[in-house]
Amino acid sequence: MNKESMPRKGAGFAGQKMIVLPRAVISRLESHPLLNSLYLTHIGYFPNAEFHYRERTEGIDEYILIHCVDGSGWYEVEEERFTVEPNTLFILPPNHPHRYRADELHPWTIYWIHFAGLRAGHFAEIEHNNGSAVHRRMPQTRRRVTLFDEIYRTLERGYSTDNLGYANTCLWHLLGSLFFPNAFERLQSQSEPDNVIEHAISFMRQHLDRSLSLEELADHVHYSVSYFSALFKEKTGYSPIDYFIHLKIQKACQYLDLTELNINEIARKLGYDDPHYFSRLFHKIMGLPPSRYRKKQKG
């Protein structure tokens with residue numbers, strides 16, 4: 001069986017999400033003085049979309065945006081074929097014959113949107129491409145995926161004017177991240193790692209009463225161990241585990257200063273079963289044992 005004769009599916013994938021706006025709602029968008037500039041008509045998410053295939057011999061009236069985040073596939077416009085790999089985005093122009101398909105062995109996972117509006121073509125600058133598709137490779141950021149999810153979850157709540165207004169305003173932001181990637185990625189490079197580190201530190205502070213492995217910390221922020229470790233050291237000057245230990249000792253100082261708990265009790269509250277090990281660790285970091293620290297005048 002050749003690839004062209006493999007089974008084909010338009011939808012029906014485990015974990016898929018999809019919303020198609022009713023015609024009456026689209027009519028409201030078309031007549032809205034603000035939203036008629038740019039609005040979506042369909043939105044969806046197809047994970048591991050095995051046998052996903054679409055063919056439209058005359059195209060459709062809307063632009064079709066597909067963002068592949070995993071797996072691979074291909075698409076054709078005007079009989080020219082393009083390969084799609086992870087972190088590829090493409091936009092198919094309206095009223096042009098096209099078809100697209102997930103790879104047989106490594107089917108893609110895609111986020112997709114159909115959009116239209118008086119300014120849709122101007123925003124995407126598609127009119128300068130003579131009817132060809134926009135095709136871009138870009139680093140994946142969680143914020144971009146979050147924008148897809150935010151649009152979807154807003155529309156899930158119904159088609160009130162507020163929901164439609166907010167969802168379609170988010171669409172501007174999403175397209176801005178795709179067509180002005182340098183500005184978007186510069187912002188992400190400054191904020192997203194910082195947010196990840198803060199998230200990891202918050203997780204540490206919530207679990208001072210137990211031991212946390214490097215693997216648990218990296219998994220919590222959805223990063224690989226090696227990348228998380230390097231990023232954390234770059235941002236804080238400490239390895240994740242050393243930082244966690246310093247937070248524990250900071251908390252130990254507060255217990256010693258502000259409570260009557262004995263050293264064995266403090267050790268247990270910080271996840272150390274061996275109070276002697278805890279005392280040695282405290283001494284190493286603070287320069288004196290817990291008993292002497294408690295007696296030291298402060299403030």
Separation between [atom1] of [X] and [atom2] of [Y], rounded to the nearest 0.5 Å:
{"X": "I266", "Y": "Y255", "atom1": "CD1", "atom2": "OH", "result": "8.5 Å"}
{"X": "I113", "Y": "I66", "atom1": "CD1", "atom2": "CD1", "result": "11.0 Å"}
{"X": "W112", "Y": "F46", "atom1": "CH2", "atom2": "CZ", "result": "5.0 Å"}
{"X": "I43", "Y": "R153", "atom1": "CD1", "atom2": "CZ", "result": "11.0 Å"}
{"X": "L270", "Y": "S211", "atom1": "CG", "atom2": "OG", "result": "10.5 Å"}
{"X": "L92", "Y": "E76", "atom1": "CG", "atom2": "CD", "result": "11.0 Å"}

Heavy-atom closest pair, residues [X] and [Y]:
{"X": "A102", "Y": "A49", "answer": "CB-O, 3.3 Å"}
{"X": "F278", "Y": "A252", "answer": "CZ-CB, 3.7 Å"}
{"X": "W108", "Y": "C68", "answer": "CB-SG, 3.8 Å"}
{"X": "N48", "Y": "P107", "answer": "OD1-CG, 3.2 Å"}
{"X": "N163", "Y": "G158", "answer": "ND2-O, 3.2 Å"}
{"X": "N264", "Y": "P275", "answer": "OD1-CB, 3.2 Å"}

Between K235 and E198, does the side-chain contact (heavy atoms from CB on, under 4.5 Å) criterion hold? Intermediate values first, please. CA-CA 10 Å; K235 294 294 182 179; E198 288 301 316; over 6 Å; no
Heavy-atom donor-acceptor pair, [X] side chain to [Y] backbone, under 3.5 Å:
{"X": "N36", "Y": "H32", "result": "yes"}
{"X": "H173", "Y": "T169", "result": "no"}
{"X": "D70", "Y": "T109", "result": "no"}
{"X": "K248", "Y": "L208", "result": "yes"}
{"X": "H207", "Y": "F203", "result": "yes"}
{"X": "D219", "Y": "E215", "result": "no"}
{"X": "R54", "Y": "Y100", "result": "no"}
{"X": "T88", "Y": "R137", "result": "no"}
{"X": "S177", "Y": "L174", "result": "yes"}
{"X": "N168", "Y": "L171", "result": "no"}

Whether [Y] and [X] form a salt bridge (side-chain N of Lys/Arg under 4.0 Å from carboxylate O of Asp/Glu) is what I want to check.
{"X": "E150", "Y": "R143", "result": "yes"}
{"X": "K17", "Y": "D149", "result": "yes"}
{"X": "R23", "Y": "E30", "result": "yes"}

Measuring only between side-chain heavy atoms, which start at C-beta, is [X] closer than 4.5 Å to [Y]?
{"X": "W74", "Y": "R101", "result": "yes"}
{"X": "Y45", "Y": "Y152", "result": "no"}
{"X": "Y238", "Y": "I245", "result": "no"}
{"X": "H42", "Y": "I60", "result": "no"}
{"X": "L29", "Y": "L21", "result": "yes"}
{"X": "I64", "Y": "H98", "result": "yes"}
{"X": "P97", "Y": "E58", "result": "no"}
{"X": "R28", "Y": "Y159", "result": "yes"}

Answer yes or no: are there more than 12 heavy-atom neighbours, outside [X] itself, under 6.0 Å from its atom [atom1]?
{"X": "H106", "atom1": "NE2", "value": "no"}
{"X": "E79", "atom1": "CD", "value": "no"}
{"X": "R157", "atom1": "CZ", "value": "no"}

Test ring pair (Phe, Tyr, Trp, His ring centres under 6.0 Å) applied to F282 and Y293, step by step: CA-CA 10 Å; F282 188 100; Y293 174 87; 5.5 Å; yes
hydrophobic_cluster_shared for L35 and L118, side chain cutoff 4.5 Å: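 They do not share one cluster, since no chain of ILVMFWY contacts under 4.5 Å joins L118 to L35.
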Is it true that Y166 and L38 fall in one hydrophobic cluster, defined by side-chain heavy atoms closer than 4.5 Å?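 In one cluster: no.
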Does Y63 form a side-chain contact (heavy atoms from CB on, under 4.5 Å) with L65? I'd like the steps, not just the answer. CA-CA 6 Å; Y63 295 95; L65 179 155; over 6 Å; no
If you take the centroid of each ring, where Trp contributes its six-membered ring, are F232 and Y243 closer together than 6.0 Å?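 Yes, the ring centres sit under 6.0 Å apart.
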With under 30° as parallel and over 60° as perpendicular, where do the rings of H52 and F13 fit, or are they tilted in between?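 H52 and F13: perpendicular rings.
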Step by step, would you call H283 with R280 a side-chain contact (heavy atoms from CB on, under 4.5 Å)? CA-CA 5 Å; H283 192 169; R280 290 196 300 272; 5.6 Å; no
Ignoring hydrogens and angles, state whether a donor on the side chain of S202 or Q206 is under 3.5 Å from an acceptor on the partner side chain.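 Their side chains do contain a donor-acceptor pair, which is all the 3.5 Å distance test asks for.
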Quick one, Q250 with L247, criterion side-chain contact (heavy atoms from CB on, under 4.5 Å). Give me CA distance, side-chain angles, the key distance, then yes/no. CA-CA 5 Å; Q250 180 189 75; L247 289 179; 4.2 Å; yes
